Amino acid sequence: MTRAAATPYEGDGMTERATEQDKYQPTVIEPKWQATWEADGLYKTDMTDESRPKHYFLTMYPYPSGNLHVGHWYAQTPADAAARYLRMRGNNVFFPMGFDAFGLPAENAAIKAARDGDTSVHPASLTRQRMAKMTEQFKQMGAMYDWSRTLATCEPEYYRWNQWFFIKAYERGLAYRKESYVNWDPVDRTVLANEQVIDGRGERSGALVERRLMPQWHFKITDYAEELLDFDGLDWPERVKTMQTNWIGRSEGATVTFASEAGPQLEVFTTRPDTLWGATFMVLAPEHPAVAEVTTDDQRADVDAYVEAAGRMSEIDRQSDTREKTGVFTGGYAVNPVNGKRIPIWVGDYVLVTYGSGAIMAVPAHDERDFAFARKFGLDVIPVVSPAGSEPLDGDSMTEAYTGDGVMINSGPFDGTPTGKGDGAGDGIAKVVAWLEEQGAGERKVTYRLRDWLISRQRYWGTPIPMLYCDQCGIVPEKLDRLPVVLPEDVAFMPTGDSPLNHHESFLNATCPECGGPAKRETDTMDTFMDSSWYWFRYLAPDLDDRPIDETLAKRWTPVDTYTGGIEHAILHLLYSRFFTKVLRDLGLVDHGEPFLRLRNQGMILGSDGEKMSKSRGNVVDPDDLVERYGADAVRAYLMFIGPWDQGGPWNPKAIEGVVRFLHRVWSTFVDPADSDAAVSDEDLADVRRSVHQTLENVTEDFDGFQFNTAVAELMSLQGVLAKAKSKALEATEVWQESRKLFLLMLAPIAPHLAEELWFRSGATASVHLEDWPDVDRSALETDSITLVVQVNGKVRGQVEVPTAASQADIIAAAKQDENVARYLEQGDIKREIVVPGKLVNFVVKA
RNA sequence: GCCGGGAUGGCGGAACGGUAGACGCAGUAGACUCAAAAUCUACCGGGGCAACCCGUGCGGGUUCGAAUCCCGCUCCCGGCACCA
């Protein structure tokens, strides 16, 4: 394949013609190469090619907001450079792109329009328009996306498989409907998963969430809590692993059953079974099911009022840690199973119904929260742990709980036993747990903070949950062969925001898959994180219409080798995806349980004022403008150059011009004829080669480590070296040919259009993007002589040039010759001589 | 409070325990120009005429040698947090 490489002529005078034609004009060459690459199918991955190792390189797909912003460019173009590098390294790289197309913003736009009396806006058409626009914008990045395999999650061809998985999970007991306290976002009018509530507010709307008791669909992610804590074999940032570990929140301890005098058995979870003998009261969460039963008649009014008040309180108020403890006595008593002691049962909202069993045994002497509660309400404080080597505690006079280890006291058979988990001095906990199990009073238990994934959303623009409610058969899943349950598009949006599905008769009224009688469809849709929990499998075969995943391609291409995206998904999307992959594994659909082997996060690009870009701040930078002004290559290179990719940083409108200047200099270095008549010596040639191969070595390392900023800096330096060395004589040499070739190969992942243009201009007949990454020629790095730093007592006092092969003795001798060094050596006796090969000499001198 | 990450010129940032500040921005001077822009060249942490001295958040330590390793702090960012 041969192509014309000349840029179109646009001037009209002879002088202008000569200069204009040879200028770097990104706006001319970039569309040209994009069209050529597309026509040639240059980035279409041959999924069956087994001659090279495969590499699945995935970037998080975007929500179709309507416009690409700089953040998209920052997420995508350095990732594209890394993918291109991996391709040049001999991998068969698959680099797809698609759209996370369901979600609230499009639906909210339709509702807002409906409020204004405009009923023509529909999330489906809006989303499709936006995807078309963004696809065109994506193509201007010059990224190597394989557009032959793409997807949009809002299409029935995609979401029918969400429904299919949902039913499979339901059949396995992994999807269930349960009435529970959920987070209701009053602005977005839907429930939210715990993961979507930040500081008591809806992640999207910012509204204070309310607690509501509602029947909702859940996925049983808690079944996988233990497995999700295992990151073995994953090359992921420590930060993300820590965040997920914190979120899952594993606690080891024991459950202990307390009998209440009113009847119900009250189970508590404790991480300190070694303090059981110090339990002086119990506290139930206000929502605990046994509250009414243990409450005595004379306390009932108080308890009811307290429970009702707690229910009205917002989550954020209730969880505030500055609040004083509140509670009320139920009048009921329980019996501590280890010592038969009668203890009062209280209700207090510092106990959460969602954690453990919603009830605690309170050991005020050794727990800060229980201590505060006991002091406020005048409850007993009985120390059962004595700090090693100090006076025993006194329950009446202590001013704070003692939470450290020590020796068990007042603890019946365990008096004298050192407390602890077994990793320190004592293992009282293990001993007590063993004893509890023996007595049948309790057992070892691991509790997690992680809650089941609440997947129902009371919204229209999402995957319909494929369940029906039949008067005869109860809750029934749709038959797999009747999928998809199509989301009707002929709907009217309510100004109230109420889901149109609630009012769509032909959707609502269906036949029961079991008995054929009338049944009502579930009108809740799925959380859009369902869509993104398996989409990378679907990219492999997006058109497959009889099953969700092509198992042959999945076996070869998954797990994803490299996944990149923002840190904001550290918990939500990444945890759900790990969970879902394990479910797919257990359903027998895939052969692995971890979706993403290597994870890298990019940071956030801020406005030039250092604040988050937003229209209201007026600090938004529009990538379309930048591309028009500087070219896509310049935007790419600048975003890579700005600093470490995982750090992000403010946009600097002046600094991008430095990168633009660099690209222009690259152009002129390889296009403009040399004007120097200087002769070229063998030494000059060796110097040029050394610079080129040294740069290659460094840039290779940079790409391996996702250090795009230093890769660009290296190329800037090399351009400077080449421009300085350039002469008519040098241009005639093979060294120059090689230098240009290697430079363009290294530039290709960063500035793919410019590299391609210069590649063809230098006589190539096939794309630079089909080339292999070059090897470093070690012999080019060798030198005859080397400059060493000479230190005296660790301070630099001179430099010395020695033959590369010089012996230590020769080096030391040469170093002593340096005039300045000699002055310092005279000030004392040389105690030590240290030679670091290739680096330095250090003399230790003492007077 | 617990966990993780960070602090280097005017700014963004470089630096396997071995010349701190690569590369870029900004700045200064010069060349080109009638002039400016663009471009090119040189300089560009602080102090000092200089030799040198000081300098990587703070205080110690290890080492021939520390931005880098260890101990103790300060501040900043992120996660978790009345989670029993």
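Proteins get letters first, then strands, A, B, ... in listed order; numbering begins at 1 in each. This structure is a prediction, so every number in the text was calculated from the model and none was measured.
- Nucleotides B/rU39 and B/rA26, compared at atom P, are 10 Å apart to the nearest Å.
- The separation of B/rG72 from B/rG24, taken at their C1' atoms, amounts to 38 Å, rounded to a whole angstrom.
- Between the base of B/rG18 and the side chain of A/Q791 there is a donor-acceptor pair shorter than 3.5 Å.
- A donor-acceptor contact closer than 3.5 angstrom links the side chains of A/E195 and A/W247.
- In this structure, A/P644 reaches the sugar-phosphate backbone alone: every heavy-atom distance under 4.0 Å involves primed, P, OP1 or OP2 atoms, never a base.
- With no hydrogens or angles considered, no side-chain donor-acceptor pair links A/Q265 and A/T257 at under 3.5 Å.
- Counting non-hydrogen atoms under 4.0 angstrom, A/R451 reaches nothing in the nucleic acid.
- Taking atom CG on A/D818 and atom P on B/rA51, their separation rounds to 14 Å, with Å as the unit.
- One C1' atom belongs to B/rA84, the other to B/rC80, and the distance between them is 16 Å to the nearest Å.
- Separating the CG atom of A/D646 from the P atom of B/rG79 is a distance of 16 Å, rounded to the nearest angstrom.
- In this structure, A/L840 atom CG and B/rG18 atom P are separated by 9 Å, rounded to whole Å.
- Side-chain nitrogen and oxygen atoms of A/N820 include at least one within less than 4.0 Å of the OP1 or OP2 phosphate oxygen of B/rC52.
- Side-chain atoms of A/T787 and A/Q799 form no donor-acceptor pair, as typed in the model, at a separation below 3.5 Å.
- Judged by Watson-Crick or G-U wobble contacts below 3.5 Å, the nucleotide B/rC69 has B/rG61 as its partner.
- In the set B/rG18, B/rA84, B/rC40, the nucleotide with an atom closest to the side chain of A/K839 is B/rG18.
- As judged by a 4.0 angstrom heavy-atom cut-off over every strand, A/K654 is placed among residues touching the sugar-phosphate backbone only.
- Between A/R239 and B/rG78, a side-chain N or O to OP1/OP2 separation shorter than 4.0 Å is absent.
- In this structure, A/V789 reaches the bases: a heavy-atom distance under 4.0 Å links it to at least one base atom across the strands shown.
- Using a 4.0 Å heavy-atom criterion, one finds that A/S251 contacts the sugar-phosphate atoms exclusively.
- Nearest heavy atoms, A/L715 versus A/F662: O-CE1, 3.7 Å.
- In this structure, the CD atom of A/Q707 is 12 Å from the C1' atom of B/rC16, given to the nearest Å.
- Judged by distance alone, the side chains of A/N601 and A/D646 never bring a donor and an acceptor atom under 3.5 Å apart.
- Checked against B/rG18, B/rG12, B/rA84, the side chain of A/L352 finds its nearest nucleotide in B/rA84.
- A/K795 has a side-chain polar atom (N or O) that falls below the 4.0 Å cut-off from OP1 or OP2 of B/rC54.
- In this structure, A/E657 reaches neither bases nor backbone, as no heavy-atom distance under 4.0 Å exists between it and the strands shown.
- The separation between A/L715 atom CG and B/rA14 atom C1' is 15 Å, rounded to whole Å.
- At a threshold of 4.0 angstrom between heavy atoms, the contacts of A/R250 with the nucleic acid are absent.
- Among the nucleotides B/rA15, B/rG24, B/rG79, the one closest to the side chain of A/I571 is B/rG79.
- Remark: B/rA38 base-pairs with no nucleotide; criterion is Watson-Crick or G-U wobble with both hydrogen-bond distances under 3.5 Å.
- Across all strands, A/V363 comes closer than 4.0 Å to no nucleic acid atom at all (heavy-atom distances).
- B/rG5 shows a glycosidic angle more than 90° from 0 and is accordingly assigned anti.
- Taking atom P in both B/rG46 and B/rU28, the straight-line distance is 15 Å, to the nearest Å.
- Between B/rC76 and B/rG65, the distance separating the two C1' atoms is 31 Å to the nearest Å.
- When the side-chain nitrogen and oxygen atoms of A/Q647 are compared with OP1 and OP2 of B/rG13, one or more of them lie within a distance under 4.0 Å.
- Between the CG atom of A/N793 and the P atom of B/rG18 there is a distance of 19 Å, given to the nearest Å.
- Of the nucleotides present, none pairs with B/rG55 by Watson-Crick or G-U wobble criteria with both distances under 3.5 Å.
- Using P as the reference atom, B/rG6 and B/rC69 are 10 Å apart when rounded to the nearest Å.
- To the nearest whole angstrom, the two C1' atoms, one in B/rU68 and one in B/rG57, are 15 Å apart.
- Applying the Watson-Crick and G-U wobble criteria (two distances, each under 3.5 Å), B/rG78 pairs with B/rC3.
- Spacing between atom OH of A/Y824 and atom C1' of B/rC64 amounts to 17 Å, rounded to whole angstrom units.
- No side-chain N or O of A/R211 forms a donor-acceptor pair with one of A/Y181 less than 3.5 Å apart.
- If you find the closest nucleotide of RNA chain B to A/R832 and to A/K724, the one lying nearer the 5' end belongs to A/K724.
- Nucleotide B/rG10: paired with B/rC25 (Watson-Crick or G-U wobble, both distances less than 3.5 Å).
- Where A/R823 and A/V844 meet RNA chain B, the nucleotide closest to each residue was compared, and A/R823 sits on the side nearer the 5' end.
- Counting to the nearest Å, the P atom of B/rC64 and the CG atom of A/L825 are 18 Å from each other.
- Across all strands, A/N709 comes closer than 4.0 Å only to sugar-phosphate atoms, never to a base (heavy-atom distances).
- Between B/rA81 and A/N246, no contact under 4.0 Å exists linking OP1 or OP2 to a side-chain N or O.
- Comparing the P positions of B/rG59 and B/rA67 gives a spacing of 14 Å, expressed to the nearest Å.
- Looking at the side chain of A/R449, the nearest of the listed nucleotides B/rC25, B/rA84, B/rC80 is B/rC80.
- Between B/rC25 and A/R661, a contact under 4.0 Å exists linking OP1 or OP2 to a side-chain N or O.
- Counting only distance, with no hydrogens or angles, the side chain of A/W645 and the backbone of A/Y74 share a donor-acceptor pair below 3.5 Å.
- Counting all heavy atoms, side chain and backbone alike, A/L266 lies closest to A/A290 at CD2-CB, 3.8 Å.
- Residues A/S668 and A/Y24 bring no donor and acceptor atom of their side chains to less than 3.5 Å of each other.
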